[in-house]
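Just below is one structure, and these are the notes that go with it.
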Amino acid sequence: MKAVVITTPGGPEVLQLHEVEDPELKDNEVLIKVEATALNRADILQRKGMYPPPPGSSPYLGLECSGTIEAVGKQVSRWQVGDKVCALLSGGGYAEKVAVPAGQVLLAPPGVSLQDAASFPEVSCTVWSTVFMMSRLSAGETFLVHGGSSGIGTFAIQIAKYWGAKVFVTAGSKEKLAFCKNLGADVCINYKTEDFVARLKEETGGKGVDVILDIIGAEYFRRNLKSLSFDGRLFVIGTMGGAVTEIDLRVVLSKRLTIQAAGLRYRSPENKAAIVREVENNVWPAIVAGKVKPVVYKYFPLSEAAEAHLLMESSKHIGKILLLP
C-alpha cells in the first residue's frame, strides 16, 4: 500500500508518499480501506519528532479515518467486510489501509458522506470525554471553548448547543468569529482585540463560566482560572501557548475549581473503546439528526500531505483538513 512517511523529523517537506507493507491484522482488529483521514495538531508534533506513537502502534501519521472494512480478525463479531465506518486510531491514517481495534470503530453516520465522516472520530471522542464525561457540562450551564474555529472548536460549539449549554468562543479574526456564530456560538470574542476575562465577566453578570476547554495551556492558565465561576471546571487538552506556568492555589480553593488535563492517543484500547461507545450513544444521534454537521475546510490528495500541513500550521483554516488516498 501507499502511505505518507516521515523521512526525517522536520518541516512539512519531510512528508513523502512511499510504497510500504500492508498492516498486519490482529484477531481483535478490522482492516479498513481508507476513504479519508483528517489532520490533527498532534500530526505536526509527530512530524517534528516530538510526539512518538504509542508502543505497538502504526509508525505512520493519522489519528482518525473513514472507509470500508476489508477484513475482520477472528475475535471480531460486530463488524463485517463491506461495512462503511470511521475510526479512532493510534496512528496509521495517512495510508491506503489501516488496522484498528474493533472497539474503536463507529458506523459512518447516515446523511454524512463517507469522506466527511473522517472529520468526526478524534474531535467527538476528545470533546465528549473531556467536556461531558469528565467535566460534566450539563444543560443550562455556560461553556467556553478557545480556538472556536478549529476542528475541536467547531465540533464543541455544535455538541454543547445540542446538549443545552450557552456557548462562548475565542478566535482571532472576524471571519472565524462569524463562522462560530453561524454554528450556534452565543458569544464570540476576538482574543486579539478583546480581554476575554473582562468580556466573559460582563456577559455572565460577573459570575464567569462553568466549563472551559483549552488548547493553549500556560499562556491562558491564570486568565482561565479568573474566568471560571464557583465550582468551575477547566480542561486543558493542548499546550500551544506553553506548558509551564505558576498557580495561585488560593484562587482554586476559594472558587472550588477543578483543573483537569488529558490526551486521547496514549489511553488503553479498553479506555478508547468505552469513549467510542459513549460517543456512539450520545453524539451520533445528534449527527444523524443533522444538529451536528461536519466542518471541512479543504481536501488534499494523500500525495499533498506536506501542503495540508502547511495550511494547518498557517491557522488560516476553519474546521478540519482532510487527506484522500
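Computed over heavy atoms, backbone and side chain alike; hydrogens, waters and symmetry mates excluded.
Neither M312 nor L324 shares a network with the other; the hydrophobic side chains, linked directly or stepwise wherever heavy atoms of I, L, V, M, F, W or Y lie under 4.5 Å apart, form separate groups for each. By the criterion of side-chain heavy atoms lying less than 4.5 angstrom apart, applied directly or through intervening Ile, Leu, Val, Met, Phe, Trp or Tyr residues, I215 is grouped together with L234 in one hydrophobic cluster. Note on I321 and L63: separate hydrophobic clusters, where clusters join Ile, Leu, Val, Met, Phe, Trp and Tyr whose side-chain heavy atoms are under 4.5 Å apart, directly or indirectly. Tracing side-chain contacts under 4.5 Å through hydrophobic residues (I, L, V, M, F, W, Y), one never reaches F179 starting from V296; they form parts of separate clusters. Residues V283 and L114 do not share a hydrophobic cluster, defined by chaining ILVMFWY side chains whose heavy atoms lie under 4.5 Å apart.
Contact record, K2 with L302: O-CD2, 4.4 Å, taken as the closest heavy-atom pair. Residues L323 and P325 share a closest heavy-atom pair of O-CD, 3.8 Å. Nearest heavy-atom pair, A108 versus W284, reported as atom, atom and distance to 0.1 Å: C-NE1, 4.4 Å. Nearest heavy atom pair, residue A38 against residue L322, reads CB-CD1, 3.8 Å. Of all heavy-atom pairs between A308 and L39, the closest is O-CD2, 3.4 Å. Residues A117 and C86 approach most closely at O-CB, 3.8 Å, considering heavy atoms.
Shown here are the side chain to side chain contact (heavy atoms under 4.5 Å, CB included) partners of Q46, two or more places apart in sequence or in another chain: I6, Y51, P53, L61, R265. Take E194 and apply the side chain to side chain donor-acceptor pair (under 3.5 Å) test, not counting sequence neighbours, and it matches R199. In terms of the ring pair (Phe, Tyr, Trp, His ring centres under 6.0 Å) criterion, residue partners of Y220 (sequence neighbours excluded) are, by chain and number, H146, F196. Applying the side chain to side chain contact (heavy atoms under 4.5 Å, CB included) criterion to S138, with sequence neighbours excluded, gives E141. Applying the ring pair (Phe, Tyr, Trp, His ring centres under 6.0 Å) test to W128 and every residue at least two apart in sequence or in another chain returns F132, W163.
Of the possible donor and acceptor atoms, one in the side chain of Q104 sits under 3.5 Å from a partner among the backbone N and O of L88. Under a 3.5 Å cut-off, the side chain of S58 and the backbone N or O of Y60 do form a donor-acceptor pair. Checked by atom type and distance alone, the side chain of T154 never pairs as donor or acceptor with a backbone atom of G319 at under 3.5 Å. Of the possible donor and acceptor atoms, none in the side chain of T239 sits under 3.5 Å from a partner among the backbone N and O of A243. No donor-acceptor pair closer than 3.5 Å links the side chain of Q16 to the backbone N or O of V4. A donor-acceptor pair under 3.5 Å is absent between the side-chain atoms of N271 and the main chain of R267, judged by distance alone. In this structure, the side chain of S135 engages the main chain of T130 through a donor-acceptor pair within 3.5 Å. In this structure, the side chain of D43 engages the main chain of N40 through a donor-acceptor pair within 3.5 Å. Formation of a donor-acceptor pair under 3.5 Å by the S57 side chain with backbone atoms of G91 is not found in this model. Panel note: side chain E313, backbone L310; no donor-acceptor pair is recorded below 3.5 Å.
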Yes or no on side chain to side chain contact (heavy atoms under 4.5 Å, CB included) for L311 and F300, after CA distance, side-chain angles and deciding distance? CA-CA 11 Å; L311 174 60; F300 288 89; 3.9 Å; yes

Let me see the working for K84 and E70 under salt bridge (Lys or Arg N to Asp or Glu O under 4.0 Å), right down to the final yes or no. CA-CA 10 Å; K84 306 290 186 193; E70 262 197 359; over 6 Å; no

For side chain to side chain contact (heavy atoms under 4.5 Å, CB included), just list the numbers for V279 and V276, CA-CA rounded to whole Å, side-chain angles, deciding distance to a tenth of an Å, and then say yes or no. CA-CA 5 Å; V279 164; V276 166; 5.5 Å; no

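Salt-bridge formation is not detected for the pair K33/E96: no Lys NZ or Arg NE/NH1/NH2 atom is positioned less than 4.0 Å from an Asp or Glu carboxylate oxygen.
Counting heavy atoms from C-beta on, the side chains of K298 and H317 never come closer than 4.5 Å. You'll find the side chain of R47 reaches within 4.5 Å of the side chain of L15, heavy atoms only. Between S227 and I212, some side-chain heavy-atom pair lies under the 4.5 Å cut-off. When side chains are defined from C-beta on, I247 counts as touching L225, because their heavy atoms get closer than 4.5 Å. With contacts defined as side-chain heavy-atom distances shorter than 4.5 Å, the pair L183/V169 does not qualify. Within the 4.5 Å cutoff, the side chain of F120 has heavy atoms near those of the V292 side chain. Taking 4.5 Å as the limit, some side-chain heavy atom of F143 sits within range of a side-chain heavy atom of V131. Side chains of V288 and P285 form no contact here, defined as non-hydrogen atoms less than 4.5 Å apart.
For residues 315-325, the salt bridge (charged side-chain N to carboxylate O under 4.0 Å, His left out) pairs, not counting sequence neighbours, are E64-K320. Applying the salt bridge (charged side-chain N to carboxylate O under 4.0 Å, His left out) rule to pairs touching residues 162-187 yields K161-D186, sequence neighbours excluded. Under the salt bridge (charged side-chain N to carboxylate O under 4.0 Å, His left out) criterion, no residue pair touches residues 107-130, with sequence neighbours excluded. Note on residues 206-227: pairs passing salt bridge (charged side-chain N to carboxylate O under 4.0 Å, His left out), not counting sequence neighbours, are R222-E246.
The line from CG of L144 to CG of L213 is 8.5 Å long, rounded to the nearest 0.5 Å. Here the OG-CZ distance, from S119 to F155, works out to 9.5 Å after rounding to the nearest 0.5 Å. Distance CZ/R41 to NE2/H309: 11.0 Å, rounded to 0.5 Å. Atoms CD1 and OG1, on I216 and T170 in that order, are 7.0 Å from each other to the nearest 0.5 Å. Rounded to the nearest 0.5 Å, atoms CG (L17) and OH (Y94) are 12.5 Å apart. For the atom pair S124 OG and I287 CD1, the distance stands at 6.0 Å (nearest 0.5 Å).
Around atom CD of Q75, more than 12 heavy atoms belonging to other residues, nucleotides or ligands sit under 6.0 Å away. No more than 12 heavy-atom neighbours from other residues, nucleotides or ligands sit within 6.0 angstrom of CD on E21. More than 12 heavy atoms of other residues, nucleotides or ligands lie within 6.0 Å of NZ in K201, so this atom counts as buried by the packing criterion. Counting heavy-atom neighbours within 6.0 Å of K255 NZ, excluding the residue itself, gives a total above 12.
Grouped with L31 in one hydrophobic cluster are L25, the linkage being side-chain heavy-atom contacts under 4.5 Å among Ile, Leu, Val, Met, Phe, Trp and Tyr residues. Taking a 4.5 Å side-chain heavy-atom cut-off between Ile, Leu, Val, Met, Phe, Trp and Tyr, the cluster of I69 extends to V30, I32, V34, V72, V76, W79, V85, L89, V98, V100, V105, L107.
With no hydrogens or angles considered, a side-chain donor-acceptor pair links K272 and S90 at under 3.5 Å.
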Return a table of donor-acceptor pairs under 3.5 angstrom between the side chains of residues 256-264 and protein atoms on other chains or two or more places apart.
{"unit_1": "R256", "atom_1": "NE", "unit_2": "D231", "atom_2": "OD1", "d": "2.9"}
{"unit_1": "R256", "atom_1": "NH2", "unit_2": "D231", "atom_2": "OD2", "d": "3.1"}
{"unit_1": "Q260", "atom_1": "NE2", "unit_2": "M134", "atom_2": "O", "d": "3.4"}

